[in-house]
Amino acid sequence: MVSFEEARSIILDSVQTIGTERIHLLEATGRVLAEDVAAPWDLPLWDNSAMDGYAVRAVDCLATPCRLRVTGFLPAGATADGITVEPGCAVRIMTGAPVPAGCDAVVPVEETDDGRQEVNLREAVKKGQHIRFHGEDVAAGIVFVRAGTVVRPPEVNMLAGFGMALLPVYRRPVVAILSTGDELVELGRTPGPGEIINSNTLSLAAAVQEAGCIPRIIGIARDNRASHLEKLGEGLKADALITSAGVSAGDCDLVRDILEELGARQLFWKVGIKPGGPTAFAMHGSTPVFSLPGNPVSTMITFEEFVRPALLRMQGRRQVLRPLFKVVLRDGLKKKPGKVQIVRLRLEKEDGRWYATSAGNQQTAILKTMVDAQALAVLPAESSGSAAGDEVYAHYYGNYIELE
Ligand code: AMP
Ligand code: MG
């Protein structure tokens with residue numbers, strides 16, 4: 001058995017990105033940049049006005065109120081060629097328009113009488129005020145987003161501003177999903193006696209998508225060698241493979257043996273985590289294979305703690321673990337030392353602190369508390385339980401969370 005931390009580092013040390021592609025900016029949200037991007041030109045390209053108002057010479061406006069003659073008009077989109085602010089004069093200027101020669105300050109229209117032939121200024125004027133200076137945002141050649149950055153609206157805005165329609169990003173892994181077991185029937189069929197619906201495939205597909213990857217559903221491997229050989233073989237053609245069930249020590253648990261037969265190198269089996277202990281991890285060439293326990297709660301928790309970080313790393317993400325934060329327990333949590341324990345929590349905020357209560361029954365067969373959980377506490381292996389009022393570390397569970 002490996003520890004929770006060992007399992008994570010073995011996985012993260014084994015997986016790699018799977019190549020890059022160029023995609024349009026409109027498709028890029030949530031994708032990860034594969035190259036540093038440098039500014040092709042200075043931003044802004046020229047000094048321009050930050051306000052609707054008047055371009056003036058500060059030296060003309062030392063004493064207020066003062067009156068200036070309006071000698072021109074510069075809307076956004078105009079060029080300032082041939083326009084100069086002469087002594088004692090002002091040019092009416094709109095936000096974003098280039099500042100004309102001679103101008104060293106802009107006076108907002110709100111601080112004037114809004115005159116067209118002449119303008120009266122009410123407030124003192126400081127040299128440089130309300131001008132956005134050439135290059136003050138970024139200078140040409142400066143790397144403004146690094147490889148490994150997740151593209152969000154601010155990155156899109158800046159890249160678009162520099163005219164970059166296509167972006168180099170890491171490819172999204174295709175992740176094969178395979179369930180195993182004779183008791184499973186596919187969604188859409190009514191389960192007969194002893195049968196259950198293959199819900200793990202759907203839940204894993206959702207989790208894979210939420211992690212930015214493309215699910216490829218392989219179906220169900222039945223509890224016999226031939227079926228496992230065929231389905232696992234198919235799954236190994238993807239960029240990563242996730243299996244559920246058939247990985248414990250039961251008579252019908254064939255996943256690990258058949259994977260080995262197909263040439264996978266097993267890096268661990270059994271992790272010091274509860275729920276989710278009988279998790280296995282193997283590499284087939286450069287394809288990671290995550291064999292998760294079949295119990296739906298265990299499947300989801302081991303995906304969250306082990307598979308999700310790996311899938312993010314395969315997309316070039318630097319930050320792959322959800323940030324942990326401290327919560328104060330409303331009730332005690334029982335635990336034996338030895339394994340990391342993941343506890344489903346509900347959260348409340350009071351006086352600026354997060355308080356947590358158990359989401360309810362924590363047994364691995366109880367699905368409802370997974371649905372209700374807003375966060376997962378990660379109790380360290382050595383912990384022998386916590387009392388009400390103790391602080392523990394937790395992370396949000398899922399990307400979308402409603403906190404009532
Ligand atoms: P196993 O690991 O094969 O012993 O399965 C553990 C438990 O998970 C059993 O109760 C299974 O019926 C259940 N289970 C296995 N596979 C799935 C699946 N694909 N969807 C939902 N439950 C499953
Ligand atoms: Mg089974």
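First listed ligand is number 1; within each ligand, the first listed atom is number 1. It should be emphasised that the depicted structure is a prediction, and the values quoted were computed from it without experimental measurement.
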Between Thr364 and Ser298: side-chain donor-acceptor atoms closer than 3.5 Å: no
Within-cut-off N or O pair, Thr201 and ligand 1, under 3.5 Å: no
Nearest-neighbour protein heavy atom for atom 17 (C) of ligand 1, which is reported as residue plus atom name and distance: Asn200 ND2, 3.4 Å
Shortest protein contact, atom 16 (N) of ligand 1 (heavy atom only): Ala245 CB, 3.6 Å
Within residues 227-241 or reaching into it, pairs that qualify as salt bridge (Lys or Arg N to Asp or Glu O under 4.0 Å) - sequence neighbours excluded: Arg171-Asp239
Pair Tyr393 + Phe325: ring centers closer than 6.0 Å: no
Proximal atoms of ligand 1 relative to Pro296 (non-hydrogen, under 4.0 Å): 21 (C), 22 (N)
Shortest protein contact, atom 22 (N) of ligand 1 (heavy atom only): Ile196 CD1, 3.3 Å
Ligand-residue contact atoms, ligand 1 with Ser199, heavy atoms, under 4.0 Å: 20 (N), 21 (C)
Under-4.0 Å heavy-atom contact between protein and atom 12 (O) of ligand 1: yes
Throw together a table of side-chain donor-acceptor distances under 3.5 angstrom for residues 46-53, partners on residues two or more places apart or in other chains.
unit_1: Asp47; atom_1: OD1; unit_2: His134; atom_2: N; d: 2.7
unit_1: Asn48; atom_1: OD1; unit_2: Arg132; atom_2: NH1; d: 3.1
unit_1: Asn48; atom_1: ND2; unit_2: Trp46; atom_2: O; d: 3.1
unit_1: Ser49; atom_1: OG; unit_2: Met51; atom_2: N; d: 3.1
unit_1: Ser49; atom_1: OG; unit_2: Met51; atom_2: O; d: 2.6
unit_1: Asp52; atom_1: OD1; unit_2: Thr95; atom_2: N; d: 2.8
unit_1: Asp52; atom_1: OD1; unit_2: Thr95; atom_2: OG1; d: 2.9

Option set Gly294, Ala365, Gly246, criterion heavy-atom distance to atom 23 (C) of ligand 1, minimum: Gly294
Residue-ligand contact Asn198/ligand 1, heavy atom below 4.0 Å: yes
Nearest protein heavy atom under 4.0 Å from atom 4 (O) of ligand 1, yes or no: no
Nearest neighbour in protein (non-hydrogen) for atom 6 (C) of ligand 1: Asn295 N, 3.7 Å
contact_flag Ile197 ligand 1 heavy-atom lt 4.0 Å: yes
